[in-house]
Protein chains: 2
Amino acid sequence: MELDDTDRAILRILQENARTPFSEIARRIEMSSATVHDRVGRLEDAGVINGYHADVDAKKVGYGVSALVGLRVEQGREEDALSRLREIDGVQAIHLTTGEWDVMLRVYAKDTDALRDLMFDNVAAMDGFSRSQTMIILGTDYESAGPPI
Amino acid sequence: MELDDTDRAILRILQENARTPFSEIARRIEMSSATVHDRVGRLEDAGVINGYHADVDAKKVGYGVSALVGLRVEQGREEDALSRLREIDGVQAIHLTTGEWDVMLRVYAKDTDALRDLMFDNVAAMDGFSRSQTMIILGTDYESAGPPI
DNA sequence: TCTGAAACCATCACCTG
DNA sequence: CAGGTGATGGTTTCAGA
């Protein structure tokens, strides 16, 4: 799908605040809200917009600890290993990467004890992984809502 | 702030789809939309909800490559180094971590050439960093919209 | 891409237990 | 004091141009 400047303007607004009324988007890009409605529908259908999510503060809902976990996967066990990772509560993202690690996870845990349990009882107990490294996120200095548009 | 089951139900719905009308949330949790309106306002004020963002597909807006970058920061240069990282276009997140790296970035680039430029012209050219490692994200197997609630 | 109209929704002041 | 009611003005949505 080809995006024009109008599409990009709409995407920027919805990336910044997904609850912006179409009528306000219309005012800002100087078009009718019917057009905005139309274009947003098309962006959703084309998979350019994949959803709208409230940004919920992890600490405030009881997840005091977050970490990045690097994993090495044994040859041939990839699919099996990944499907079991997906089932673990607290695993937020599973990225397949080049470099030192085959898989990088982003995980949430209540506290460091819960993180230890998550790593030992779940990840380390799985076979298919030969090595892991946990990097606790001490803080997040900056984070945007997605790619620049 | 103390969250009760009603708050958590609202958070789950808005995390899943931030554009859900309050009237529909009200139906689903069996309360009036005035109450939903009220509670959402309180969750926003308390910083439990920090915004609502459209999930925009990076590839579809021209960012074909994404990577995780580990950095070592020289002692005493932390604040200076971080503030310059924040200015680089394509840097989506800056996490301070324990372990092998002091800082982990999530970056977006148009293609591998653009990623090389980003790393060489921007990151490596900065002083304050002594070592770096780039892990290209080949794919994302799973990703949730935030912490479990 | 727009206009226009009907259905729908957010929001607020004011009640109620 | 959390929750509800009801009025009103704004918003979404869709057909038709």
Side-chain angles (χ1 to χ4, degrees), chain A residues 1-64 110 144-149, chain B residues 1-63 144-149:
Chain A
M1 186 193 184
E2 255 328 85
L3 301 179
D4 63 17
D5 290 348
T6 303
D7 291 324
R8 277 188 286 268
I10 293 171
L11 290 173
R12 269 193 298 271
I13 292 168
L14 289 174
Q15 188 187 59
E16 213 262 306
N17 178 8
R19 286 189 71 92
T20 311
F22 290 0
S23 58
E24 188 191 325
I25 300 175
R27 275 192 293 278
R28 285 163 60 179
I29 67 173
E30 295 176 304
M31 291 205 174
S32 73
S33 41
T35 302
V36 174
H37 181 255
D38 221 68
R39 281 182 179 251
V40 170
R42 229 145 359 92
L43 291 166
E44 289 170 348
D45 292 345
V48 181
I49 295 175
N50 272 308
Y52 307 94
H53 306 289
D55 176 0
V56 176
D57 187 304
K59 280 190 186 137
K60 301 239 160 101
V61 294
Y63 290 89
K110 235 192 266 299
S144 75
I149 300 169
Chain B
M1 185 193 183
E2 259 323 89
L3 301 179
D4 63 16
D5 290 349
T6 303
D7 291 323
R8 277 187 286 270
I10 293 171
L11 289 173
R12 268 193 297 272
I13 293 169
L14 288 175
Q15 188 186 58
E16 213 259 303
N17 178 8
R19 285 189 71 92
T20 312
F22 290 0
S23 57
E24 188 191 325
I25 300 176
R27 275 193 293 279
R28 284 163 60 179
I29 68 173
E30 295 176 303
M31 290 204 175
S32 73
S33 44
T35 301
V36 174
H37 181 255
D38 219 68
R39 282 182 178 253
V40 171
R42 229 144 1 92
L43 291 165
E44 289 170 348
D45 293 344
V48 181
I49 295 175
N50 272 306
Y52 307 94
H53 306 289
D55 176 2
V56 176
D57 187 304
K59 281 193 185 135
K60 300 241 160 97
V61 294
Y63 292 88
S144 75
I149 301 170

If you look at every strand shown and take non-hydrogen atoms under 4.0 Å, does A/Arg39 touch a base, only sugar-phosphate, or nothing? sugar-phosphate

To the nearest angstrom, the CG-P distance between A/Asp38 and D/dG16 comes to 16 Å

Margin query: Taking the basic N atoms (NZ, or NE/NH1/NH2) and the acidic carboxylate oxygens, is any pair closer than 4.0 Å for B/Asp45 and B/Arg42?
Written below: no

Expected string for nucleotides 3-17 of chain C under the B/S/- scheme (protein heavy atoms, under 4.0 Å, primed atoms plus P, OP1, OP2 as sugar-phosphate) is B-----SSSB-----

Which atom pairs, one a donor and one an acceptor, fall under 3.5 Å between side chains of residues 19-26 of chain A and the rest of the protein, sequence neighbours left out?
from    : atom 1 : to      : atom 2 : distance (Å)
A/Arg19 : NH1    : B/Ala18 : O      : 2.6
A/Arg19 : NH1    : B/Thr20 : O      : 3.2
A/Thr20 : OG1    : A/Asn17 : O      : 2.6
A/Glu24 : OE2    : A/Arg28 : NH1    : 3.1

To the nearest angstrom, the CG-P distance between B/Leu43 and D/dA2 comes to 13 Å

Rounded to whole Å, CD1 of A/Ile25 lies from P of D/dG10 at a distance of 18 Å

In this structure, CD1 of B/Ile49 is separated from CG of B/Asp7 (nearest 0.5 Å) by 9.0 Å

CG of A/Leu43 to CG of A/Leu14, rounded to nearest 0.5 Å, is 8.5 Å

CZ of A/Arg8 to CZ of A/Arg12, rounded to nearest 0.5 Å, is 7.5 Å

Taken to the nearest 0.5 Å, the spacing of B/Thr35 OG1 from B/Ile29 CD1 works out to 7.5 Å

